[in-house]
Undergrad: 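Here you go, one structure.
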Amino acid sequence: MKEIKNALVVDNKLISPNIYSMTLDIKDIAQKAKAGQFVNLYCKAESRLLPRPISICEIDKEKGRIVLVYGVVGKGTEEFGNIKRGESIEVLGPLGNGFMIDETKRKNIIVGGGLGTPPLVELVKHLKGEVDVYLGFRSQAMLIEEFEKIGARVHIATDDGLEGFKGNVLELLKNNNAVGDIIYSCGPKPMLKAVAGWAKNNNIPMQVSLEERMACGIGACVGCVCKVKEKDEQDWQHKKVCKDGPVFWSDEVVWDE
Amino acid sequence: MKEIKNALVVDNKLISPNIYSMTLDIKDIAQKAKAGQFVNLYCKAESRLLPRPISICEIDKEKGRIVLVYGVVGKGTEEFGNIKRGESIEVLGPLGNGFMIDETKRKNIIVGGGLGTPPLVELVKHLKGEVDVYLGFRSQAMLIEEFEKIGARVHIATDDGLEGFKGNVLELLKNNNAVGDIIYSCGPKPMLKAVAGWAKNNNIPMQVSLEERMACGIGACVGCVCKVKEKDEQDWQHKKVCKDGPVFWSDEVVWDE
Amino acid sequence: MNKENLNLKVDIAGVELKNPITTASGTFGSGREYGEFIDLNQLGAVTVKGVSSIPWKGNPAPRIAETYGGMLNSVGLQNPGVEEFIKNDIPFLRQYDTKIIVNVAGKSIPEYCEVVERLSSADIDLIELNISCPNVKEGGVTFGTDVKMAHKVTKEVKRYAKQPLIVKLSPNVTDITEIARAVVEGGADAISLINTLLGMAIDIHKRKPILANVVGGFSGPAIKPVALRMVYQVAKAVSVPIIGMGGIATGEDAIEFLLAGAKAVAVGTANFRNPRASIDVLEGIKEYMKLYGIKSLDEIRAII
Amino acid sequence: MNKENLNLKVDIAGVELKNPITTASGTFGSGREYGEFIDLNQLGAVTVKGVSSIPWKGNPAPRIAETYGGMLNSVGLQNPGVEEFIKNDIPFLRQYDTKIIVNVAGKSIPEYCEVVERLSSADIDLIELNISCPNVKEGGVTFGTDVKMAHKVTKEVKRYAKQPLIVKLSPNVTDITEIARAVVEGGADAISLINTLLGMAIDIHKRKPILANVVGGFSGPAIKPVALRMVYQVAKAVSVPIIGMGGIATGEDAIEFLLAGAKAVAVGTANFRNPRASIDVLEGIKEYMKLYGIKSLDEIRAII
Ligand SMILES: Cc1cc2nc3c(=O)[nH]c(=O)nc-3n(C[C@H](O)[C@H](O)[C@H](O)COP(=O)(O)OP(=O)(O)OC[C@H]3O[C@@H](n4cnc5c(N)ncnc54)[C@H](O)[C@@H]3O)c2cc1C
Ligand SMILES: Cc1cc2nc3c(=O)[nH]c(=O)nc-3n(C[C@H](O)[C@H](O)[C@H](O)COP(=O)(O)OP(=O)(O)OC[C@H]3O[C@@H](n4cnc5c(N)ncnc54)[C@H](O)[C@@H]3O)c2cc1C
Ligand SMILES: Cc1cc2nc3c(=O)[nH]c(=O)nc-3n(C[C@H](O)[C@H](O)[C@H](O)COP(=O)(O)O)c2cc1C
Ligand SMILES: Cc1cc2nc3c(=O)[nH]c(=O)nc-3n(C[C@H](O)[C@H](O)[C@H](O)COP(=O)(O)O)c2cc1C
Ligand code: FES
Ligand code: FES
């Protein structure tokens, strides 16, 4: 039977303003997890009932550990940020379907935006061929070393130009004349939508990892939907991000918002 | 301005099954407090909004400490029981009016029942003359040493006869042919009512410390009332236990419940 | 009788549940997902998500908001329609030794009747009529907030129902007993309550409602006092069995509902925080019975 | 204008409050107790506990129960009557630079009118009519849950009110906008909402309701989603100023109510957990304004 597990927090450190990297000792999840899957983290505060979905950033199957990188954006993530090494946290996972890794592609383009970047780290570890990682941030980049360690080329765009290219990640892709056989991406919906348009024009298949507010995280409540259509069809369905996703093909997604 | 204070928990130990003694380092309250007053303890759990009123059991003005003795009877006191030495707790006080100590009385009778016993400890320290303490418990007595240390004679009754006299505290009073010039008491209402009847028959003035469910603890919400009448009058008023009490004269209280 | 010799059986309009625990419609899917966390055989019944005559797409996302001790949802009864439900979910649930309660949604009386008629020939145990759906014909007022409409829809649907009919009440009314009496007169064999309160939450940084639908159904521990009060009132007003729900997360919560007059209880939002919540509630009830030497829930039901 | 150059002033029916913060009636006494914790001069207004024509004894104890993220009370409007109030509390409050809102209770229309007439010649700023009181003449139904009664009591009382009249609505209704419109037509100059929901809690060990009165008023953070939804609905339905309340404990909560359409907000149950709650809410609003460079609350009010 599946169950919520109590995981030891091996590390929980600030890696960028308001952004933490938490390492959990949780063999069971580490063993099963795949790139692009997520976990439910549960708050201790009784007033906060719902789990917080957080993508798995790195998986260490040998040590039985996973790394989560999360931003403090509200009450729940604030609580997580205050957890000290040696304490524990309730966690459920791995949840959702990860990226559909295609090892046959020679040129992989990775597109990440802000807090959408973390799940791409584990992904890159499993790609064969060249990997170009394009990341967009408001002002400060993160996780660059993690990507470079794996041997990927990293290209940064920031809105204010503090690091790397000044502009958004789509402009950076165009500016660099990026070419590739496949795109894997995660980030804010407007960014994904824009890049999906570019991908379509350039005939590059693209996978997007979506976010939506969730209640159960396991497919029972039908809370976390996005509009998905069969390729080239008009009529769409509300599919569950938690169970049918979070990764979809960009040409399945109805980009109307 | 008054305010809720963050007090250091110097000690928090189990002294009887499900009963804890908590020592707080809180100079300001220790300095002002009198026997029979109480404090509001606030829960950390956000789902529990209301303060828990707990009587002050002992006051150490020199060290700036107070001792609270409380039973774990629900979620809030369970939370308190789990607090470790060195942690802190939010506390407001001292609240209410303490006992009206009459130093001219030569023979003092103290009547305590169960978790009503704690505030009587500090009281006894301030009495002149002889002190006979009559305590009723279900099965196990507590705080006996604390009373004896101050030089009081302690008489115990337990419902099951495990310690002391088998029976209730009123039967014990009668059995011992207790005599006195004044009675100070705290405990469950049925006990107080019964003893108040005996006191009346024996013409002994009696003070009772009452309990009631509270919201504010400071007199603002009118939640914590008991029926009080002018001596020998028929008509009663709803008075606030937190602000007008918790100590009343037994012949003011309408003992109808 | 289980090994502790506790009698947990309850009879809801002639259907015997092995214990008083069911799931709240819409919070438990059709049992598949939570079936990976708990043994569904242990539940008195599984109440499935609302089904309608044809597939419904539901409301746009975001559909979920968290509030203090509770949550809002605006799922909008997304479901694949009654045919798909009968084909996929009944065979799955019938593998287990638990009763099946099917929650029925509709936007007009004929639509409700159509679903119920279709379900009448299906292998299910009880039908639960969700009258909190917006009544499109009457301009969006829900059936459940109008005495006459509540009576009418119950009466019409009853004609098509082969299984006993539970009517599920909305709490967003001035007088819940009035509605309860109306549906009993209309032929309800049992009543379940409460459905969600109507609530709202705002994202102060984006300065717009969190839910795309602006308002949504409010559920979870926060609403328990309202649910309990209504169960108490309805239990005094009618004599059909009541399935109580609204914020139940522990055995103690469930005991409150039983004391107030519920015959069975449903666990809803609590599943999202704790996938084992329904079983934990059942265990909690048993502990309470053992603590006080209660052999049958009849000893404590509605004694308040 | 305060030193940060923020304009926090709000106008409620011609009465200018220096900021949008008041206290919820019944949770703040007449300000004396909390005046020992905060500087009452900092509040836009103090709303005092309900007063009736003659002293009321209120309900028996226990009157208080805690619930998940909220509480129940069945104080039953205990108060010493309007004469005592005028004698003792107005002189106290007038020492401070804050407006005085007096909450009025009554069990019949003549009784309401009597209190309001008496207050008309008193030195207070606004009258708040609590129409959630049980209407003894009509057998206990509250004035606030019936459209006609709500209209009638407002209209009658209005004839005696020299100060602007706020009518405070009960949330225990099917359609809050209907009641809001009725009281505005009856002459309400402003509306405050919500009063408490009706709730219940049971002591499972004693097997009886915790409140001696069985049911009670449910308040606190738990109820905020309902309160916010109703403020939003009423703001769309009527054009008089709205004082929003129900679960407000932080500046962020208050901003939600302002965005939903409230002109001012009241802090109630939060005072019991945090005697400085009203000031903390005010500070939180100011921080929000500074964060987003908002100079006046008009920039964000009712923009949802
Ligand atoms: C599949 C998935 C993977 C994610 N992975 C990451 C990650 O790796 N790193 C990271 O920093 N963030 C990630 N997020 C977003 C993260 O879940 C939210 O930032 C987080 O839930 C905010 O919680 P809070 O209590 O701090 O915010 P609050 O605003 O206080 O939360 C209130 C409620 O809203 C929900 N909520 C608020 N913002 C979001 C959001 N953006 N997405 C979904 N729910 C939200 C919360 O879960 C909670 O239920 C992911 C979201 C999803 C759906
Ligand atoms: C003036 C006063 C002094 C007290 N002194 C002591 C003391 O010295 N030692 C001690 O053990 N207990 C004392 N009590 C009782 C103590 O307040 C309760 O046992 C405690 O509040 C229970 O909290 P809980 O969260 O564990 O129980 P829960 O039942 O979970 O509490 C729920 C709510 O009910 C209230 N409540 C429950 N039981 C009582 C009660 N008996 N009296 C008042 N409120 C209650 C709680 O404060 C809370 O608001 C005193 C009560 C009062 C009024
Ligand atoms: C996500 C979600 C979906 C729901 N869907 C339905 C539904 O389809 N039909 C229905 O009658 N009630 C539905 N409800 C209401 C619940 O069945 C239940 O009545 C309510 O949530 C109160 O119980 P709780 O507080 O235990 O969740 C839904 C509730 C939630 C939270
Ligand atoms: C103890 C208590 C007493 C109250 N007394 C009154 C009252 O006298 N008149 C009134 O209109 N509302 C009264 N209320 C309702 C509050 O003013 C307020 O409308 C309600 O509690 C919701 O706000 P909150 O959640 O911030 O407390 C009372 C509430 C509480 C908790
Ligand atoms: S969060 Fe419940 S179905 Fe996805
Ligand atoms: S607890 Fe509020 S007046 Fe006593």
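Residue numbering restarts at 1 for every chain, and letters A, B, ... go by the order of the sequence lines.
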Undergrad: Quick one: are Ile300(D) and Arg207(C) in side-chain contact, heavy atoms under 4.5 Å?
TA: yes

Undergrad: Under 6.0 Å from the ring centre and within 45 degrees of the ring axis: does the NZ or CZ of Arg229(D) meet both conditions for the six-membered ring of Phe218(C)?
TA: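 No - Arg229(D) does not lie over the ring of Phe218(C) by the 6.0 Å and 45° rule.
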
Undergrad: Give the member of Gln233(C), His205(C), Lys224(C), Lys208(C) that has the highest number of heavy-atom pairs under 4.5 Å with chain D.
TA: His205(C)

Undergrad: Is any residue of residues 248-265 of chain D within less than 4.5 Å of chain C by heavy atoms, and which ones?
TA: Glu252(D), Ile255(D), Glu256(D), Leu259(D), Ala260(D)

Undergrad: What part of Val214(D) is in contact with chain C, defined as an atom under 4.5 angstrom from a non-hydrogen atom: side chain, backbone, both or neither?
TA: side chain

Undergrad: Considering all heavy atoms of both residues, which atom of Gly69(D) and which atom of Tyr68(C) are nearest to each other, and what is their separation?
TA: CA-CE2, 3.9 Å

Undergrad: Hey, could you give me the CG/CD1 distance between Asp203(C) and Ile304(D), rounded to the nearest 0.5 Å?
TA: 8.5 Å

Undergrad: What part of Leu198(D) is in contact with chain C, defined as an atom under 4.5 angstrom from a non-hydrogen atom: side chain, backbone, both or neither?
TA: both

Undergrad: Where on Ile204(D) is there a heavy atom nearer than 4.5 Å to chain C: the side chain, the backbone, both, or neither?
TA: both

Undergrad: How long is the straight-line distance from CD1 of Ile179(C) back to OG1 of Thr174(D), given to the nearest 0.5 Å?
TA: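 Atom-to-atom, Thr174(D):OG1 and Ile179(C):CD1 are 6.5 Å apart.
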
Undergrad: Between Val215(D) and chain C, which part of the residue has a heavy atom less than 4.5 Å away: side chain, backbone, both or neither?
TA: side chain

Undergrad: Side chain from CB out, backbone as N, CA, C, O: work out which of these in Leu197(D) comes under 4.5 Å of a heavy atom of chain C, or both, or neither.
TA: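 When you check distances to chain C, only side chain atoms of Leu197(D) fall under 4.5 Å.
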
